[in-house]
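Beneath this line is the structure, given in structure tokens, with notes to follow.
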Amino acid sequence: MDDLGGGPRRGAPWKRMSKEELDNQYSPSRWVVRLGAEEALRTYSQIGNEATKRAQATGRNLLNVPYGDGEGEKLDIYFPEAVSEALPFLVFFHGGYWQSGSKDSSAFMVSPLTAQGVAVVIVAYDIAPKGTLDQMVDQVTQSIVFVQKQYPGNQGIYLCGHSAGAHLAAMMLLANWTKHGVTPNLKGFFLVSGIYDLEPVMHTSENASLLTTLEDAQRNSPQWHLKTAPTQPVDPACRILVTVGQHDSPEFHRQSRELYQTLRRGGWKASFEELHDVDHFEILWNLTQKDYVLTQIILKTIFQES
Ligand SMILES: N[C@@H](CC(=O)c1ccccc1NC=O)C(=O)O
């Protein structure tokens, strides 16, 4: 079979990649340009830890709030100075390939957002091997239901996720809220350097244990669901920003672009941004800075200035 015609392989470049090439494409740390791979991962944790310590020391917050019965079902809420019931909430899901990372080192964007009047929620979920992907998706769903029930007067819930966390956030485009007894006031999604089609991930060394069957991968792929059975936004004004770093790998670029295109075709108010001169990790740690372009886009979206 040749790959140039309109055969089944067309449009899925990863199917033509060797195992080594796939591993490479799906190892974000190998694509950083300013640091070595290990140093990039270390710096990422360090900046996350420092931002979290600072956030916990300086502002008003509620830490380790249970959103479910499970030991790992906890979230941290960071409030702005001015107390109000009618706050916008940004709910963040950390990355780490569903196998690493924690809420305790992921409060990157807390300081610049709380300073502008946004409450920020950092969610913990049971990473593998304790949690399965289905459980993680369920936990993330529960965390959003919890925020809506706890703060029914919120001025909008905005979901933000990085990498594997962007995948979990994007899965919420498919959530069936009616069975949870409450429809969250979702006004926006900020999807940062995410993975939305898990089929290629199945074939990488690092992640094979998470996804054993094609069915697992498809059930947990927002790209696959949105393409085969498009969903509609509950709120037609709901915005989705799909963003990727210039130095993310070509597969990460393709994943983001294709999700964006699928969302647009499905009638979602989506936009796409390739962020200049940042890698998979810098794109997130720059969110500690109030002047960073993505911080500004997030604030403008929340306060409806664009
Ligand atoms: N072992 C991975 C680590 C990784 O992908 C990662 C690490 C921290 C935060 C997000 C990540 N990627 C996606 O979830 C790498 O080689 O970059």
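Remember, it's 1-based here, ligands and their atoms both numbered in the order they're listed. All values below were derived from every heavy atom in this structure, side-chain atoms included, with hydrogens, water molecules and symmetry-related copies excluded. As the structure is a prediction and not an experimental result, all values here were calculated from the model.
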Residue Asp69 excluded, over 12 heavy atoms near CG under 6.0 Å:
no
Of Phe93, Phe281, Tyr97, Phe252, which has the heavy atom at the shortest distance from atom 7 (C) of ligand 1?
Phe281
Would you say the side-chain atoms of Gln255 pair up with the backbone N or O of Tyr196, donor to acceptor, closer than 3.5 Å?
yes
SB check Asp104 Lys74 (cutoff 4.0 Å)
no
I need the atoms of ligand 1 closer than 4.0 Å to a non-hydrogen atom of Ser29, numbered in the order shown.
15 (C), 16 (O), 17 (O)
Between His94 and Tyr125, does the ring centre distance come in under 6.0 Å?
yes
Is the side chain of Tyr26 donor-acceptor paired with the backbone N or O of Glu206 at a distance under 3.5 Å, no angle test?
no
Considering Ala166, Gly165, Gly96, Ser193 one by one, which has a heavy atom nearer to atom 11 (C) of ligand 1 than any of the others?
Gly96
for atom 12 (N) of ligand 1, nearest protein heavy atom and its distance come out as Ser163 OG, 2.7 Å
Got a donor-acceptor contact below 3.5 angstrom from the Asp23 side chain to the Ser205 backbone?
yes
Is the centre of the Phe281 ring less than 6.0 Å from the centre of the Tyr44 ring?
yes
For atom 2 (C) of ligand 1, which candidate among Glu206, His280, Arg30 provides the closest heavy atom?
Glu206
Please list, in number order, the atoms of ligand 1 under 4.0 Å from a heavy atom of Ala164.
13 (C), 14 (O)
Just jot down the ligand 1 atoms closer than 4.0 angstrom to any heavy atom of Gly95, in number order.
9 (C), 10 (C), 14 (O)
If you scan protein heavy atoms around atom 3 (C) of ligand 1, the nearest is Leu41 CD2, 3.9 Å
For atom 8 (C) of ligand 1, which protein heavy atom lies nearest, and how many Å away is it?
Tyr44 CE2, 3.5 Å
